[in-house]
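Presented below is the structure to which this report refers.
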Amino acid sequence: MDRQQLLQRLGKAWTELEESYAGLSASQMMQPGVTGKWSVRDILAHVTTWEQEALKHLPHIHKGNRPPRYSTEYGGIDAFNALMTEQKRRLALAEVLRELHEVHARLICYIHEIPEELLMRDTRFRRRLRLDTYSHYPKHTKAIREWRVRTHDRKNPRAPSTQ
């Protein structure tokens with residue numbers, strides 16, 4: 001995969017994520033229950049966390065280093081996610097959205113700056129980038145879309161199911 005193909009794949013997954021929550025009101029974005037107790041706001045903060053992790057660790061991976069293991073550092077990925085969710089819980093929705101777009105823009109700039117050969121093969125670098133971005137977004141896109149169908153159907157039982 002070359003840089004353009006990667007950016008297209010990432011862009012498509014990102015656009016689908018954005019479309020999944022488009023049109024929701026601020027109060028809807030704060031409602032828990034989209035994924036477990038998480039709201040759309042919590043999911044977006046979570047997506048930002050993982051893009052931040054990519055930006056933090058990819059330069060080290062590029063230099064041949066291994067990032068710390070989440071199992072050692074935090075007691076596992078679930079524990080890390082819980083910690084980051086708690087740390088970001090106090091952020092206002094506007095701040096979460098601002099950070100979401102700022103961090104994503106930084107990630108895109110970073111991808112434009114790195115040597116293309118890092119993207120051409122299935123390397124540790126590319127795997128980490130994939131896991132933290134374009135293979136991560138669809139899980140949350142799907143959860144938000146399914147939640148929208150569930151909450152819409154609950155409010156309007158005559159609405160046809162899209163499942």
Side-chain angles (χ1 to χ4, degrees), residues 1-22 24 29-30 32 34-147:
M1 176 181 321
D2 66 19
R3 184 185 327 274
Q4 195 57 40
Q5 290 168 322
L6 180 122
L7 287 168
Q8 287 174 347
R9 183 174 284 178
L10 197 147
K12 181 179 185 296
W14 183 258
T15 298
E16 289 171 358
L17 174 66
E18 289 183 312
E19 288 171 350
S20 75
Y21 65 87
L24 292 175
M29 291 185 72
M30 300 298 286
V34 180
T35 298
K37 293 180 182 180
W38 283 4
S39 65
V40 171
R41 183 201 98 39
D42 295 329
I43 290 170
L44 299 179
H46 166 79
V47 166
T48 301
T49 294
W50 284 102
E51 285 194 340
Q52 289 168 323
E53 287 295 289
L55 286 166
K56 179 175 158 184
H57 296 297
L58 287 171
H60 298 292
I61 294 169
H62 177 209
K63 293 176 184 172
N65 300 319
R66 288 183 176 261
R69 298 182 74 63
Y70 291 92
S71 58
T72 306
E73 295 274 324
Y74 300 98
I77 288 179
D78 290 341
F80 174 79
N81 284 335
L83 176 66
M84 294 299 111
T85 298
E86 189 54 39
Q87 286 180 2
K88 292 186 174 192
R89 188 163 308 282
R90 292 181 278 291
L91 295 176
L93 174 61
E95 179 66 15
V96 168
L97 292 171
R98 183 194 62 73
E99 189 175 71
L100 175 78
H101 292 102
E102 282 184 7
V103 170
H104 187 71
R106 283 184 24 232
L107 179 71
I108 298 301
C109 286
Y110 178 72
I111 292 169
H112 280 285
E113 294 168 358
I114 59 175
E116 190 159 5
E117 59 266 12
L118 288 171
L119 308 173
M120 300 298 286
R121 297 183 334 275
D122 189 25
T123 61
R124 180 179 290 128
F125 184 94
R126 200 174 91 200
R127 282 191 300 273
R128 178 66 192 243
L129 179 61
R130 180 184 70 240
L131 291 172
D132 289 350
T133 63
Y134 63 87
S135 73
H136 185 218
Y137 311 149
K139 172 184 174 183
H140 299 299
T141 299
K142 181 178 184 226
I144 294 167
R145 286 182 174 154
E146 289 175 352
W147 171 78

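When reading the values below, keep in mind they use all heavy atoms of this one structure, side chains included, and skip hydrogens, waters and symmetry mates. We number each residue from 1, following the sequence as shown.
Summarising the geometry of E16 relative to K12, their closest heavy-atom pair is OE2-NZ, 2.7 Å, with the distance given to 0.1 Å. Listed here is the closest heavy atom pair of L100 and E51: O-OE1, 4.3 Å. Closest of all the heavy-atom pairs between V96 and A45 is CG1-N, 3.8 Å. Contact record, A143 with T35: CB-OG1, 3.3 Å, taken as the closest heavy-atom pair. Closest approach of M29 and L93 over heavy atoms only: CE-CD1, 4.0 Å. Listed here is the closest heavy atom pair of R126 and L118: CB-O, 4.0 Å.
Taking 4.5 Å as the limit, some side-chain heavy atom of R3 sits within range of a side-chain heavy atom of I114. Between I108 and L10 the shortest side-chain heavy-atom distance falls below 4.5 Å.
Rounding to the nearest 0.5 Å gives a distance of 11.0 Å between OG1 of T141 and CD of E146. With values rounded to the nearest 0.5 angstrom, Y21 atom OH is found 5.0 Å from L44 atom CG. Atom CG of L6 is separated from atom CD1 of I111 by 5.5 Å, given to the nearest 0.5 angstrom. Here the OH atom belonging to Y137 is positioned 13.0 Å from the CZ atom belonging to R9, to the nearest 0.5 angstrom. Remark: I43 CD1 to W147 CH2 distance equals 9.0 Å, nearest 0.5 Å.
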I'd like to know whether D122 forms a side-chain contact (heavy atoms from CB on, under 4.5 Å) with R127, so could you lay out the CA-CA distance, the side-chain angles of the two residues, the decisive distance to 0.1 Å, and finally the verdict. CA-CA 7 Å; D122 189 25; R127 282 191 300 273; 3.2 Å; yes

Could you walk me through whether T49 and Q52 pass side-chain contact (heavy atoms from CB on, under 4.5 Å), step by step? CA-CA 5 Å; T49 294; Q52 289 168 323; 4.2 Å; yes

Where do H104 and H101 land on the side-chain contact (heavy atoms from CB on, under 4.5 Å) test, with the steps shown first? CA-CA 5 Å; H104 187 71; H101 292 102; 5.7 Å; no

Can you give the donor-acceptor pairs under 3.5 Å from side chains of residues 64-84 to other protein atoms, not counting sequence neighbours?
{"unit_1": "Y70", "atom_1": "OH", "unit_2": "E53", "atom_2": "OE1", "d": "2.4"}
{"unit_1": "Y70", "atom_1": "OH", "unit_2": "R128", "atom_2": "NH2", "d": "2.7"}
{"unit_1": "N81", "atom_1": "OD1", "unit_2": "W50", "atom_2": "NE1", "d": "2.8"}

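Across D2, L7, L129, a single residue satisfies side-chain contact (heavy atoms from CB on, under 4.5 Å) together with L119, and that is L129.
At least one donor-acceptor pair closer than 3.5 Å links the side chain of R41 to the backbone N or O of R89. Here the side chain of S20 pairs no donor or acceptor atom with the backbone of R145 at under 3.5 angstrom.
Applying the side chain to side chain contact (heavy atoms under 4.5 Å, CB included) rule to P59 yields the partners Y110; only residues at least two apart in sequence or on another chain are considered.
Between H140 and H46, the two ring planes are perpendicular [angle over 60°; tilted spans 30° to 60°].
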